[in-house]
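Read the structure below first, then the notes.
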Amino acid sequence: MRTLVLGGQYGDEGKGKILSHIAIKDNPRVVARGGVGPNAGHQIFWNGQKYSMRLIPCGFVNEKARLLIGAGVLVNPEVFIREITLVGAEKRAGIDFRATAILQKHIDEDSKSENSAKIGTTKTGCGPAMTDKVTRTAKSVSEIPELAPYMTDVVKEVNDTKDVLIEGTQGFMLSLLYGTYPFVTSKDTSASTIAADVGLGPKSIDEVIMVTKSYTTRVGNGPLPDEMPVDEAMKMGYQEYGSVTGRPRRTSKDLHFDNLRLAARINSATQIAITKIDVRFPGNNGVKKLENLTQTARDFIRNVEKELATPVTLIGTGPDVHDIIDLRD
Ligand code: IMP
Ligand code: MG
């Protein structure tokens, strides 16, 4: 089975938690990451420790899984080396030799540019590296000596393996094609692109799990319907801070079903994962069975299924990898 997990909102939907759970439960041989690059931050609470991973797949929590970064992903060599060292994954991590490297000049430009400031980018150099890629002046990861031990053909690895977990990053509303342009990231973030990032065709994906938080957050500039003031978000326990930039995230209480329906359609979502149900509906922390959720939480989930005409199969009930209800077969 090849399962692709991606975000249905503005990033930070809680993909890290869903991905790490699936990596343990489904025990895939290979976990491959697509998406833009180290502008993403996936948070994982694992063995009493908090990890914030910007490049290596969240599937690192399964010690037997091979950890791959697809050709479409921008790689900051320093971030990659730091992360594999942190989790001791030197022997099982690989990068597609076709991937593009982020250099210091890209980070400098992203930090200084007026347009980056207007968009509120993560200043991780992703946009400028994508520009170099499009103008065909970018440097390949295969030209970076420190990365030599990790070069591999991800296309071959993911196509030759049946059990693969594919990790998307960012969120649908940040897509260069379908998001709130120009307040978007530098690439499409939909399922087809994530699959292409790791070298899989659309027919090679069995399940697409679209993740949505129980409310909506956004970090950086651009429209956010029904945005609430920070003090209100604090009071409700919704206030969050960016895992890459530390910036306070902007909050909107409800789900934006028009956007989510478009996302479900363009991503061919076959399942929905809902995270932070315990934050939106107190009294549900750590619940592991659907029947133990409060009635309001269950009604909310049924409504999401109805609005998106897609089954909700995973429900996050707390920060730990194991705080989850898994309704998949
Ligand atoms: P960039 O991707 O760093 O160029 O930033 C463009 C916009 O996308 C900014 O609003 C960022 O905050 C947002 N963004 C990029 N990656 C992520 C992510 O993984 N989570 C949340 N927001 C993101
Ligand atoms: Mg994030």
Side-chain angles (χ1 to χ4, degrees), residues 5-20 33-45 50-58 69 72-76 79 83 100 102 106-134 167-190 193-194 197 210-213 215-224 227 239-252 259 263 273 275-276 316 319:
V5 174
L6 52 70
Q9 299 169 303
Y10 300 87
D12 310 317
E13 296 90 355
K15 293 181 290 294
K17 186 225 168 60
I18 298 296
L19 282 162
S20 43
R33 180 154 165 165
V36 185
N39 48 352
H42 290 176
Q43 283 181 24
I44 301 125
F45 289 83
K50 177 177 154 178
Y51 296 89
S52 198
M53 292 319 214
R54 293 168 55 193
L55 269 177
I56 74 159
C58 304
I69 295 177
V73 180
L74 301 166
V75 177
N76 176 327
V79 173
E83 291 184 356
T100 296
I102 295 180
H106 298 131
I107 298 167
D108 293 344
E109 195 185 327
D110 206 6
S111 308
K112 282 194 302 232
S113 131
E114 245 172 66
N115 196 51
S116 288
K118 185 190 97 183
I119 294 164
T121 71
T122 58
K123 302 180 182 170
T124 50
C126 289
M130 279 306 285
T131 304
D132 278 2
K133 188 163 176 143
V134 172
E167 305 193 359
T169 62
Q170 286 76 42
F172 179 75
M173 293 304 290
L174 293 173
S175 160
L176 184 65
L177 292 182
Y178 298 107
T180 53
Y181 190 91
F183 299 101
V184 292
T185 190
S186 48
K187 191 168 119 181
D188 175 41
T189 52
S190 71
T193 295
I194 301 290
D197 282 341
M210 185 170 95
V211 186
T212 173
K213 200 144 59 184
Y215 46 97
T216 309
T217 62
R218 168 166 206 165
V219 60
N221 302 330
L224 180 65
E227 185 168 354
Q239 186 61 47
E240 301 173 357
Y241 296 86
S243 56
V244 173
T245 58
R247 294 179 291 181
R249 288 181 186 152
R250 301 158 60 201
T251 313
S252 167
N259 293 341
T275 60
K276 295 211 170 184

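Both ligands and their constituent atoms are indexed starting at 1 by order of listing.
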Going by distance alone, is a donor N or O of one side chain under 3.5 Å from an acceptor N or O of the other, for D188 and S190? yes

By chain and number, the residues contacting ligand 1 below 4.0 angstrom (heavy atoms only) are Y10, G11, D12, N39, A40, I119, G120, T121, T122, Q170, L174, V184, T185, V219, G220, R247

Any chance you could measure H42, atom NE2, to E167, atom CD, to the nearest 0.5 Å? 7.0 Å

Is the side chain of E83 donor-acceptor paired with the backbone N or O of L55 at a distance under 3.5 Å, no angle test? yes

Can you tell me if K17 uses its side chain to pair, donor with acceptor, with the backbone of F45 under 3.5 Å? no

Is it the case that the side chain of E109 and the backbone of I107 share a donor-acceptor pair, with hydrogens and angles ignored and the cut-off at 3.5 Å? no

Any donor-acceptor pair under 3.5 Å from T217 side chain to R249 backbone: no

Under a 3.5 Å distance rule, please check whether D110 uses its side chain to pair with a backbone N or O of T124 as donor and acceptor. yes

Quick check on side chain to side chain donor-acceptor pair (under 3.5 Å): which of N76, T122, T185 does N39 satisfy it with? T185

Excluding water, the protein N, O or S atoms sitting under 2.8 Å from the Mg ion (ligand 2) are D12 OD1, G41 O

Any sub-3.5 Å donor-acceptor pair from R33's side-chain atoms to T169's backbone N or O? no

